[in-house]
There are 2 protein chains.
Amino acid sequence: MAYKVLVVEDDVTLQETLAYNLARQEYDVVKTGNGRTALTLARKEKPDLIILDVMLPGLDGFEVCRILRQEMSMPVLMLTARAEEIDKIVGLEVGADDYLTKPFSMRELMARAKALLRRVELTREETTAAQTDQPPKPQTAVLTFGNLAIDDGRREVRLNDKPIRMKPKEFDLLQFLARHQGIALSRDLILERVWGWSYDGNSRTVDVHVRWLREKIEPEPSKATRIVTVRGVGYRFDG
Amino acid sequence: MAYKVLVVEDDVTLQETLAYNLARQEYDVVKTGNGRTALTLARKEKPDLIILDVMLPGLDGFEVCRILRQEMSMPVLMLTARAEEIDKIVGLEVGADDYLTKPFSMRELMARAKALLRRVELTREETTAAQTDQPPKPQTAVLTFGNLAIDDGRREVRLNDKPIRMKPKEFDLLQFLARHQGIALSRDLILERVWGWSYDGNSRTVDVHVRWLREKIEPEPSKATRIVTVRGVGYRFDG
DNA sequence: AAAATTGTTAACAAAACCATAACACCAACC
DNA sequence: GGTTGGTGTTATGGTTTTGTTAACAATTTT
């Protein structure tokens with residue numbers, strides 16, 4: 001699922017640049033230039049990460065961070081123009097998780113945001129596994145279906161322990177299908193999750209890729225038993 | 001005589017903040033953002049205390065600490081962003097004297113630094129006369145993959161027991177890949193971990209370095225089997 | 001100061017990838 | 001049995017990604 005990022009920055013141009021770049025990474029973006037609104041939004045939207053400027057009209061970034069810290073635990077990345085403020089930012093007093101001093105490169109900001117979100121991912125897996133008593137599906141391990149193994153870490157698919165060459169999209173698609181094994185998935189959903197929401201194209205694309213997948217993992221591609229067609233809907237992966 | 005403190009932190013701003021605060025306490029400060037330079041400086045300057053960040057480009061803090069521990073005995077205070085690393089830090093594996101998790105307050109850091117230096121003062125008095133003239137015995141943590149050995153301690157790569165000349169970045173890169181053997185690593189991740197966060201350049205840089213590595217460790221560089229390309233992602237080291 | 005070494009970038013070549021179109025097929029409904 | 005709409009299949013050309021080399025800049029060594 002896409003991460004949600006709250007951008008709190010009163011400089012309109014910077015705010016938009018940030019939002020644009022984050023959106024390009026397929027993050028959901030919520031933005032505001034006001035400290036008080038930031039609090040409201042944070043409570044309502046429960047973002048996975050907050051990018052927070054220090055200099056804000058009204059309630060400043062320090063305050064916002066401090067207050068949020070008492071209520072929630074999402075990581076906060078602070079932006080500041082003054083190096084002297086850093087003590088305060090990463091210190092106990094405010095307690096941000098990371099910071100950047102202006103001017104900063106967008107690349108670095110993205111890298112750091114990504115790093116913070118990686119941390120979220122780890123804890124998220126732990127906690128969701130604890131909550132649901134569903135069969136815990138470790139996202140990192142190897143999905144195995146009989147003689148078929150989908151190895152996340154190596155980004156490799158093996159059939160009878162023999163690695164099979166997969167194109168990137170093929171791997172992503174197979175992984176997505178396999179992760180939702182036994183559920184009929186619509187082409188639209190598949191497109192959205194594997195190709196990304198910004199993809200604007202023909203849903204027949206899925207068919208073609210499914211065909212290629214079948215070629216590689218089905219003994220008889222024309223009589224598919226693993227990736228089954230669900231007429232009127234899309235496809236379903238059966239172990 | 002004033003104490004000498006070595007600050008190893010790649011985040012320039014934090015590095016400066018640390019240096020500034022230490023200098024205010026009348027300590028002599030030597031600083032670097034690079035793990036390897038840290039080793040050199042430590043050997044040359046023989047500081048009384050080292051403040052060492054874990055996340056460093058190239059040689060990370062764990063390594064630096066581990067290597068130094070075999071040669072010298074000054075206290076090491078480690079900085080980390082992740083609570084999970086603590087066991088490792090204070091455990092035998094790394095053996096730091098103290099640690100702080102980011103974010104921390106400058107006040108607390110200063111307090112701990114002072115405490116560690118107090119300990120130095122005591123031992124210094126006791127042992128100034130009876131110095132050990134035993135040369136440091138570099139113990140080898142060697143990653144071995146068939147005929148390929150990556151010697152952490154000596155910072156040397158051997159193919160069929162014959163040392164191979166490696167540029168620093170090449171070694172760092174190879175080491176990083178080898179440490180995460182069997183996992184597909186994205187160019188972004190590689191850049192972040194080997195070149196550092198603030199690196200702002202082209203990800204093709206990785207390609208070029210990989211090429212050079214392959215030239216040195218692959219029998220047939222164009223048909224790489226050790227450093228495998230994972231299309232759409234990056235590279236993977238297979239033993 | 002010259003020379004060697006090293007890291008980075010640019011530019012081009014080569015390979016892989018993928019969306020789409022066009023047509024064939026099939027299954028359900030009338 | 002024919003029609004219709006959904007799905008299967010294949011080929012293709014444009015795009016993206018990666019490989020490779022060389023040149024340049026920066027650094028270190030001599």
Side-chain angles (χ1 to χ4, degrees), chain A residues 24 105 107 155 157 164-174 176-177 184-188 190-192 194-196 198-218 220-236, chain B residues 32-34 36-37 40-41 44 57-59 155 157 164-174 176-177 184-188 190-191 194-196 198-216 218 220-236:
Chain A
R24 230 175 34 175
S105 82
R107 200 191 153 286
R155 217 166 201 289
V157 175
I164 293 185
R165 208 150 211 292
M166 285 281 168
K167 300 173 194 170
K169 265 278 147 47
E170 283 172 4
F171 185 88
D172 291 343
L173 175 57
L174 177 58
F176 178 69
L177 293 174
L185 302 161
S186 75
R187 289 183 174 70
D188 276 354
I190 294 172
L191 276 179
E192 187 187 315
V194 178
W195 272 258
S198 52
Y199 175 78
D200 176 34
N202 200 315
S203 78
R204 308 304 313 289
T205 298
V206 179
D207 298 25
V208 176
H209 281 265
V210 166
R211 159 67 180 161
W212 289 338
L213 272 184
R214 283 174 173 164
E215 200 119 88
K216 294 182 180 180
I217 65 168
E218 299 274 8
E220 211 173 337
S222 300
K223 291 196 176 63
T225 59
R226 291 208 132 112
I227 305 178
V228 185
T229 303
V230 183
R231 209 151 228 278
V233 182
Y235 299 95
R236 172 165 45 87
Chain B
T32 175
N34 181 288
R36 248 176 314 106
T37 317
T40 318
L41 281 175
K44 205 176 80 188
L59 202 63
R155 209 183 157 72
V157 175
I164 293 185
R165 209 148 205 294
M166 284 280 169
K167 303 173 195 170
K169 263 281 169 351
E170 280 173 4
F171 186 87
D172 292 344
L173 176 57
L174 178 58
F176 178 69
L177 293 173
L185 302 162
S186 75
R187 288 185 174 70
D188 273 356
I190 294 172
L191 277 179
V194 179
W195 271 261
S198 47
Y199 173 79
D200 177 33
N202 199 313
S203 77
R204 308 307 313 286
T205 299
V206 179
D207 299 26
V208 176
H209 281 262
V210 165
R211 163 66 180 162
W212 290 339
L213 273 184
R214 300 220 253 229
E215 203 119 84
K216 294 181 179 178
E218 298 272 7
E220 212 173 336
S222 299
K223 291 194 178 66
T225 60
R226 293 208 129 111
I227 305 178
V228 184
T229 302
V230 183
R231 210 148 226 280
V233 180
Y235 298 94
R236 188 186 64 216

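Proteins come first, then strands; the chains are lettered A, B, ... in the order of their sequence lines, and each starts at number 1. Side chains included, hydrogens not; waters and symmetry mates left out as well; all remaining heavy atoms used.
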*Would Arg204(A) and Asp207(A) pass as an ion pair if we require N to O under 4.0 Å?*
yes
Compare all side-chain heavy atoms of [X] with those of [Y] and state whether any distance is below 4.5 angstrom.
X         : Y         : value
Trp212(B) : Leu173(B) : no
Leu185(B) : Arg236(B) : no
Leu177(B) : Ile190(B) : yes
Ile217(A) : Met166(A) : yes
Arg226(A) : Leu213(A) : no

Is it the case that the side chain of [X] and the backbone of [Y] share a donor-acceptor pair, with hydrogens and angles ignored and the cut-off at 3.5 Å?
X         : Y         : result
Lys216(A) : Arg165(A) : yes
Glu218(B) : Thr225(B) : yes
Asn202(B) : Thr205(B) : no

Applying salt bridge (Lys or Arg N to Asp or Glu O under 4.0 Å) to Glu192(A) and not counting sequence neighbours gives none
Under a 4.0 Å heavy-atom cutoff, the residues of residues 206-214 of chain A touching DNA chain C are Val208(A), His209(A), Trp212(A)
Ordered by number, residues from residues 224-232 of chain B within less than 4.0 Å of DNA chain C (heavy atoms) are Arg231(B)
Contacts under 3.5 Å, N or O only, protein and nucleotides 27-30 of chain D:
none

For Tyr235(B), the ring pair (Phe, Tyr, Trp, His ring centres under 6.0 Å) test, sequence neighbours excluded, returns none
key: Short side-chain N/O contact to dG19(D) OP1/OP2 from Tyr235(B), under 4.0 Å   = yes
Whole-Å distance, Glu170(A) CD to dT17(D) P, equals 16 Å
Asp188(B) atom CG is separated from dT18(D) atom P, nearest whole Å, by 11 Å
First and last nt of DNA chain C near chain A, cut-off under 4.0 Å to heavy atoms, 5' to 3', are dC17(C) to dA27(C)
When only distance counts, do a donor and an acceptor, one from the side chain of Arg204(B) and one from the base of dG19(D), lie under 3.5 Å apart? yes
| said: Does Thr229(A) form a side chain to side chain donor-acceptor pair (under 3.5 Å) with Arg214(A)? I'd like the steps, not just the answer. | reply: CA-CA 11 Å; Thr229(A) 303; Arg214(A) 283 174 173 164; 2.8 Å; yes
Applying side chain to side chain contact (heavy atoms under 4.5 Å, CB included) to Glu170(A) and Val210(A), what does each step give before you reach the verdict? CA-CA 8 Å; Glu170(A) 283 172 4; Val210(A) 166; over 6 Å; no
Closest to the 5' end of DNA chain C, once Arg165(B) and Lys167(A) are matched to their nearest nucleotides, is Arg165(B)
